[in-house]
Enquirer: 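So that we are looking at the same thing, I have put the structure below in structure tokens.
In what follows, every heavy atom counts, from backbone to side chain, and hydrogens, waters and symmetry copies are set aside. In the text below, chain A, chain B and the rest are named by the order of the sequence lines, each starting its count at 1.
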Number of protein chains: 2
Amino acid sequence: MPESDTPQKTLDAERDTEEKILEAALQIFSMKGKDGARMHEIADLAGINKALLHYYFRTKDGLYDKVFEYVISKLVRSFGSSLQDAPDFETLLRTFISNYIDFVNGNLAVVRLMVTEHLAGGERATPRIMSMMQSANAPLRLFVDRLREAASRGEIRHVDPYQTLITVVSSCVFFFLVYPTVGALVPLAREQRDQFIEERKQHLSDMLMRSLQPDGESSTHMPPVDP
Amino acid sequence: MPESDTPQKTLDAERDTEEKILEAALQIFSMKGKDGARMHEIADLAGINKALLHYYFRTKDGLYDKVFEYVISKLVRSFGSSLQDAPDFETLLRTFISNYIDFVNGNLAVVRLMVTEHLAGGERATPRIMSMMQSANAPLRLFVDRLREAASRGEIRHVDPYQTLITVVSSCVFFFLVYPTVGALVPLAREQRDQFIEERKQHLSDMLMRSLQPDGESSTHMPPVDP
DNA sequence: GTCTATATCTCGATAGAC
DNA sequence: GTCTATCGAGATATAGAC
């Protein structure tokens with residue numbers, strides 16, 4: 001971390017308020033979208049005055065942009081490349097699922113914001129996600145690469161890696177988006193949320209590994225996807 | 001359908017305008033949420049005047065409520081009990097996935113509205129979904145019941161039916177929520193959308209059936225997967 | 001039933017005191 | 001840096017002509 005020569009106390013105060021605002025804005029934006037969010041809601045949640053929002057971030061649009069940057073940086077930081085070391089595909093898959101679910105569970109507002117953005121058209125989200133994917137050790141890319149490798153080594157059967165990725169990510173994320181209904185439907189999910197989430201990791205990992213077991217014989221339909 | 005004694009022409013005209021408004025409102029609400037939507041956007045999309053919205057549905061809140069009822073009725077109507085006749089679980093699963101994906105693809109706004117509602121707290125959505133689930137031939141309930149039966153008959157292995165349901169629904173729906181990014185990531189999904197969707201059905205059905213094979217049977221004797 | 005014109009109010013943004 | 005007070009744009013909602 002680089003150190004500024006600005007007096008420490010002032011800097012910390014600014015950082016604190018700024019971060020408090022960003023966190024509050026993230027919560028509100030992620031639930032109501034950019035247009036639906038109210039500046040006074042954000043101010044209230046941050047425990048400050050409405051005018052202070054405009055002092056730190058001139059406009060609502062500006063604040064939204066900064067929140068988006070803030071979210072992306074959270075995504076980048078949280079998804080460390082702990083996948084690199086996985087000795088085999090099964091370990092990679094289980095680690096990926098566990099990490100992914102923990103991240104979503106611990107950063108619900110981040111995921112909600114991404115989804116909200118997509119529902120509103122996704123112009124802001126898509127380019128950012130694409131550029132995150134470019135990076136060689138991006139977890140999504142790593143997952144696809146390792147899936148291909150494992151298949152060509154015969155560790156798992158050949159499957160469309162993108163379809164598989166979509167299935168894994170969907171199965172990790174969607175549950176949290178519709179949690180109110182799942183909670184109403186499945187008592188355990190509401191009463192013992194943490195336990196249910198651990199069971200979900202287990203269930204998903206098992207289910208996917210079983211579905212990826214190599215066949216003795218028959219070949220499955222596998223469309224060509226490579227560039 | 002009960003028939004009114006109101007003159008047919010008038011009734012039809014009202015129904016048409018009302019339905020046009022509801023469809024337009026559904027589109028806008030589903031992308032921007034209740035607070036983010038603008039009445040004039042809805043009017044423009046419906047091709048009518050802003051004042052007419054207030055003639056048919058007194059307030060914005062009132063309109064939103066009616067849109068929600070409208071969506072629920074769509075859900076109920078579209079999910080006919082075509083699952084009832086499935087002779088075995090594999091047929092049921094494949095039919096369920098195919099129907100579900102077709103419905104989502106053909107009613108994106110409906111699904112978006114449900115998700116938007118959930119992101120905003122879900123107070124409106126959850127009770128409605130719960131009461132839909134009560135019905136004996138509700139597809140989600142039917143799925144859980146048939147999954148249990150099939151497991152106790154030994155047709156598939158024992159799995160947590162709710163975890164499985166969550167996985168299936170997630171895998172059918174989430175793709176469409178983040179379509180902008182998937183389209184950017186996977187060229188085929190954008191250029192040959194319909195084909196990609198058919199492949200998705202196939203991929204998902206195969207994957208799930210494989211993961212549900214009873215433990216005793218080895219992978220050397222796989223049931224045929226292609227129609 | 002449908003429109004134009006207008007009233008009313010809410011929200012984003014600014015000015016200015018402390 | 002933080003607040004109170006307020007302005008002005010834009011939104012919902014209504015009045016009234018056709």
Side-chain angles (χ1 to χ4, degrees), chain A residues 4-68 70 113 116 120 124, chain B residues 4-68 70 113 116 120 124:
Chain A
S4 161
D5 51 3
T6 314
Q8 199 60 32
K9 214 176 83 186
T10 309
L11 185 65
D12 274 359
E14 285 175 14
R15 276 276 151 80
D16 276 6
T17 308
E18 217 172 289
E19 186 118 356
K20 261 196 322 196
I21 294 175
L22 284 173
E23 267 302 327
L26 171 55
Q27 296 293 336
I28 304 294
F29 280 135
S30 74
M31 291 192 298
K32 310 214 168 177
K34 195 187 78 176
D35 296 334
R38 299 287 158 244
M39 294 296 268
H40 83 89
E41 281 183 295
I42 297 173
D44 288 355
L45 188 59
I48 57 151
N49 190 277
K50 197 170 60 114
L52 210 54
L53 294 182
H54 291 94
Y55 173 80
Y56 279 101
F57 311 87
R58 263 177 39 80
T59 66
K60 190 185 185 181
D61 276 3
L63 174 57
Y64 188 76
D65 281 342
K66 286 287 162 44
V67 168
F68 217 86
Y70 178 64
L113 189 79
T116 303
R124 223 173 296 239
Chain B
S4 162
D5 50 1
T6 315
Q8 199 59 32
K9 215 177 83 187
T10 309
L11 185 65
D12 274 0
E14 284 174 15
R15 275 276 151 80
D16 275 7
T17 308
E18 216 173 290
E19 186 119 356
K20 262 196 323 196
I21 294 174
L22 285 173
E23 266 303 325
L26 171 55
Q27 297 293 336
I28 305 293
F29 280 136
S30 73
M31 291 191 299
K32 311 213 168 176
K34 195 188 78 176
D35 297 333
R38 296 287 103 108
M39 294 296 267
H40 83 91
E41 280 183 296
I42 297 173
D44 289 354
L45 188 60
I48 55 150
N49 191 277
K50 202 169 54 118
L52 211 53
L53 294 182
H54 290 93
Y55 174 79
Y56 279 100
F57 310 88
R58 263 175 39 79
T59 67
K60 190 185 185 181
D61 275 4
L63 174 57
Y64 188 77
D65 280 341
K66 286 290 162 44
V67 168
F68 216 84
Y70 177 64
L113 188 79
T116 304
R124 225 173 295 239

Enquirer: Which donor-acceptor pairs under 3.5 Å do side chains of residues 37-44 of chain A form with protein atoms, sequence neighbours excluded?
Expert:
| unit_1 | atom_1 | unit_2 | atom_2 | d |
| --- | --- | --- | --- | --- |
| A:R38 | NH1 | A:D35 | O | 3.3 |
| A:E41 | OE1 | A:R38 | N | 3.3 |
| A:E41 | OE2 | A:K32 | NZ | 3.1 |

Enquirer: Going by side chain to side chain donor-acceptor pair (under 3.5 Å), name the residues that satisfy it together with A:K60, two or more places apart in sequence or in a different chain.
Expert: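 Scan of A:K60 (side chain to side chain donor-acceptor pair (under 3.5 Å), adjacent residues dropped) gives none.
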
Enquirer: Does a side-chain N or O from B:T17 land closer than 4.0 Å to OP1 or OP2 of C:dG1, or not?
Expert: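 Result: no.
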
Enquirer: Could you tell me how far apart B:E41 (CD) and D:dG10 (C1') are, to the nearest whole angstrom?
Expert: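 About 13 Å, once rounded to whole Å.
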
Enquirer: Any chance you could measure B:L26, atom CG, to B:K66, atom NZ, to the nearest 0.5 Å?
Expert: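 One gets 15.5 Å once the value is rounded to the nearest 0.5 Å.
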
Enquirer: Expressed in angstrom and rounded to an integer, what is the separation of B:D16 atom CG from C:dT2 atom P?
Expert: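 Checked: the CG to P distance equals 10 Å.
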
Enquirer: Would you mind reading off the distance between A:K20 atom NZ and D:dG1 atom P, rounded to a whole angstrom?
Expert: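 Going from A:K20 (NZ) to D:dG1 (P), I get 13 Å.
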
Enquirer: Check whether any side-chain heavy atom of B:E23 lies under 4.5 Å from a side-chain heavy atom of B:L45, and answer yes or no.
Expert: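 B:E23 does not reach B:L45 side chain to side chain.
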
Enquirer: Could you state the interatomic distance from CG (B:L113) to CE (B:M31), rounded to the nearest 0.5 Å?
Expert: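 Between atom CG of B:L113 and atom CE of B:M31 there are 11.5 Å.
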
Enquirer: Produce a footprint string for nucleotides 12-18 of chain C: one letter per nucleotide, 5' end first; B if the base is under 4.0 Å from any protein heavy atom, S if only the sugar-phosphate is, - if neither.
Expert: BBBB---

Enquirer: Send over the distance from A:L63 CG to C:dC11 P, rounded to a whole Å.
Expert: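 One finds 17 Å between P of C:dC11 and CG of A:L63, rounded.
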
Enquirer: Could you tell me the separation between the NZ atom of B:K34 and the P atom of D:dT12, rounded to a whole number of Å?
Expert: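 The distance from NZ of B:K34 to P of D:dT12 comes to 12 Å, rounded to the nearest Å.
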
Enquirer: Side-chain contact test, heavy atoms from C-beta onward, threshold under 4.5 Å: evaluate it for A:L63 versus A:F29 and give yes or no.
Expert: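 A:L63 vs A:F29: side chains touch.
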
Enquirer: Check the distance between D:dT14's C1' and B:Y56's OH and give it to me in whole angstrom.
Expert: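 Nearest whole value for this atom pair: 18 Å.
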
